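Following: one structure in structure tokens, then a few remarks.
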Amino acid sequence: MLSRIADSLFWIGRYIERADGTARMVDTLRLSLIEDPAQNENYTSSMLLGGIMGYDEINPEVGYEEVARQLVFDAANPSAISGSWLAARENARRARETLSTELWEVINTSWHRWNGLGTKAATQQHLGWVRERSALVAGIADVTMSHDDAWNFICLGRSLERADMTARIVATGALDWGPSWGVVLSSCGAQQAMLRTMRGVITDRSAAAFLSLDRRFPRSVLASLEDAERRLMTLAPDNDRVGFSDEGRRILGEMRSRLEYNDPDHVLADLPNQMRQVQDAVTAASEAIGDRYFKSAPVQEWTGEIL
Amino acid sequence: MSQAQRQSQGSAGQSQSQSQGLFSGYAAGEAWDEMMSEEGQPRAPFKPIHHTLREMDPESLKERADALASMFLDQGVTFDHAGEERPFPLDAVPRVIDADAWADVERGVAQRVDALEHFLDDIYSRQGSMPRAVDDGIIPWRLIATSSHFHRAVAGLRPANGVRAHVSGIDLIRDENGDFRVLEDNVRVPSGVSYVIANRRAMANVFPEAFATMRIRPVHEYPRMLLRALRAAAPEGRTDPTVVVLTPGVYNSAYFEHTLLARMMGVELVEGRDLVVRNGEVKMRTTHGEERVDVIYRRIDDDFLDPVHFRRDSMLGVTGLISALRAGRVTLANAIGNGVADDKLVYSYLPDLIRYYLEEDPILPNVDTYRCNEPEHLQTVLDRLDEMVVKPVDGSGGKGLVIGPKATGQELDELRANLERDPRGWIAQPVVQLSTVPTLIDGKLRPRHVDLRPFAVNDGDKVEVVPGGLTRVALPEGQLVVNSSQGGGSKDTWVLAGRNVRVPSNEAAEMILLSSQRPHSSDDDAPPTEPLDSEPSPTQTSPPQAVPTTGEES
């Protein structure tokens, strides 16, 4: 397939997943503020913006409304929900002939409807809807596209974004002044899965392990990395006797093995640092994937006349 | 739905519905109205539709019209105008063409394309000698050589299967007597076919009952016809050719059409930067390295195709493309240099060229045309400037067109000066009233002017015309210029099957359709100009005279 199109597909996967992850985090903040009278709104909000999203210069007075403005409705910010959907749709427009019609339409109508929901306050209606739509996109891609390279690029983008997102959230849970593990779990949509898995017994340690190292929970860091690795292997099966010709796969594989074969206690004791490494690995792998698959001529500009 | 109920109520109080229904106050003007005869009776092909509409209450038609609009927005059936995506308005009332009238259109368009192919072959394939038609005195050489679209870069070059106009859009109008006439020929990059497909799908969803009662010929064969023609045009020896669609990019007003065609044909949609010429072959950059491309269905104008031969500042094209073309390693569809056949002065010779090359009489007449480069004609035009429509010969999008009866004294003076300075650059035509079709305007049906662009595909063996076409409608009252950027819209064009024609319901075709249900947008041509544009010139914002001037665009 065309490199340019592969690039667009990869980013569709990333942006849709990002919108989903962001919606979960903001929704968790919203709920905890409503349900827990002991919450310090300013502190938790700045935690989300600074600790997880990594924004500098957070105003200590920041509140939920400001979080919603920056992370939900800002179409110019590709980390915000509006921005992610806009970017996903723009990429989809460019890859429109490759996407299934149904997939294009769900992305297109989602963007239009999202704008119809209003931007006054980020309510459950907004945030729940975003999660639903992301699931819809994933489901429609799954059942209407051939499971070929195009589809694999979408999934690859999704897995990398998920590994990155979960790593950021998990890192905050390990901080002394961070949110409780219960909040972290629900930010990742893992609360119920975890409860069932552990039969109701949740400790800080088991929660951290579940989100970072569990092999079966699809949003865990380890599972996401493993999925990304598998996509790369499908895209370029290679039989090198030594080393890897696919740098992206090497980076992800190395990171994944370090987590998987390490003593879990070591990983958990050093969680913020480990999660930072995951984020770095995702960034490096993303670049390597770009170099290998998305290389095309330099972006060209319209000439005056044509415009 | 409640349609049946409404109908029965309607027939109880028929006289009332006549006076208050959708048709109340419907007054056809001096133009030929395609639905209503002079006596106010519906013409035969429109009877079922007239019957339905007469009984329908305006609200219900409005609801359906709204459903059409939202369907287009959801599907992204839009054109880009001034950086904004807009749906191309689809009127809820279809245009119907009966089988006999269509048979003439079909034969006439195919004949025209055939003659244009002969003409292009004549002027480009005989390197070193004059074209036959010039030697025999049918058309002056000066006229060809001075056309801005005559490209020496492709002189002496004969495409693999001899076809240069793989796709043509021949713009037709119906005059005051209801006769079809050719307004202009588009053999460069005719656009709009995506609307033909999109409109049909939308109408079928919203007016299913009409499709059950009328024998409407399907249009969804088009992508298959096109792919077949493109594959047939591959360079020699390429038995399983790779076909791509080349688009100027997502900001082009016809981007939707490009995606639709690529998807429905199952081929890649590439931009100039995806292609590279190596060792005389055109390659596309893919995730598995570079792959050879054999046939490029390009939706970019000649001038932007290859910065080496044409505009150096073009970033849309592919460096070295022309050399690959000359080496016979790739086929471009449509061919470079076709624009000379679009030239409006050449258009005026087409009836003679048809007789000359094909030894047949033209089936579809031209609109009467005065050639300003001939002194007697010029004099006539100058004397009657205020009754004429004057057009630049190579204008596209209706640029520079002047409608005499609407122009101010000053505009006419300027025009007169232009004509005297550059008579080769202009033609003039008497004002023709385009036919009208009822159109939903503010809850009532009103006559509005329409044109028709049927699409023809030439695979080298046969010129096939899609049974349908793009009907553009001018929404402002009395507007004769049909242009989407000036409040233009479109109508679905229903060609009825004759008694003996089997309506093909080919299963394979059906599968293609399902896979890509939807459609898309329009024009294409070159870089982002107006969508489907036809006549964007500001002088025509509310021209009441219609003139044969619609189409253009490419």
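Lettering follows sequence order; numbering is per chain, from 1. Note that the structure is predicted; figures quoted are calculated from it, not measured.
For A:Ala6 against B:Thr287, the heavy-atom pair with the smallest separation is CB-CG2, 3.5 Å. Residues A:Arg96 and B:Arg263 come closest through the heavy atom pair O-NH1, 3.9 Å. Taking all atoms of both residues into account, the shortest heavy-atom contact from B:Leu269 to A:Leu2 is O-CD1, 3.3 Å. For the pair B:His288 and A:Asp149, the tightest heavy-atom approach, listed with the atom from each and the gap, is NE2-OD2, 2.9 Å. B:Tyr251 and A:Arg94 get closest at one heavy-atom pair: OH-NH2, 3.4 Å.
To the nearest 0.5 angstrom, A:Glu97 atom CD is 14.0 Å from B:Met264 atom CE. Summarising the geometry, atom CZ belonging to B:Arg273 is positioned 5.5 Å from atom CZ belonging to A:Arg4; distances are rounded to the nearest 0.5 Å.
Residues satisfying the side chain to side chain contact (heavy atoms under 4.5 Å, CB included) criterion with A:Thr144, sequence neighbours excluded, are A:Ser100, A:Glu102, A:Ile140.
A:Ser3 contributes a side-chain N or O that, together with a main-chain N or O of B:Thr286, makes up a donor-acceptor pair within less than 3.5 Å.
Residue A:Asp7 does not touch chain B at all, counting heavy-atom pairs closer than 4.5 Å. Using a 4.5 Å cut-off between heavy atoms, B:Val270 touches chain A through backbone and side chain atoms alike.
For B:Asn279, the CG atom is loosely surrounded, since the number of other residues' heavy atoms within 6.0 Å does not exceed 12.
Within residues 110-119 of chain A, the residues that have a heavy atom under 4.5 Å from a heavy atom of chain B are A:His112, A:Arg113, listed by number.
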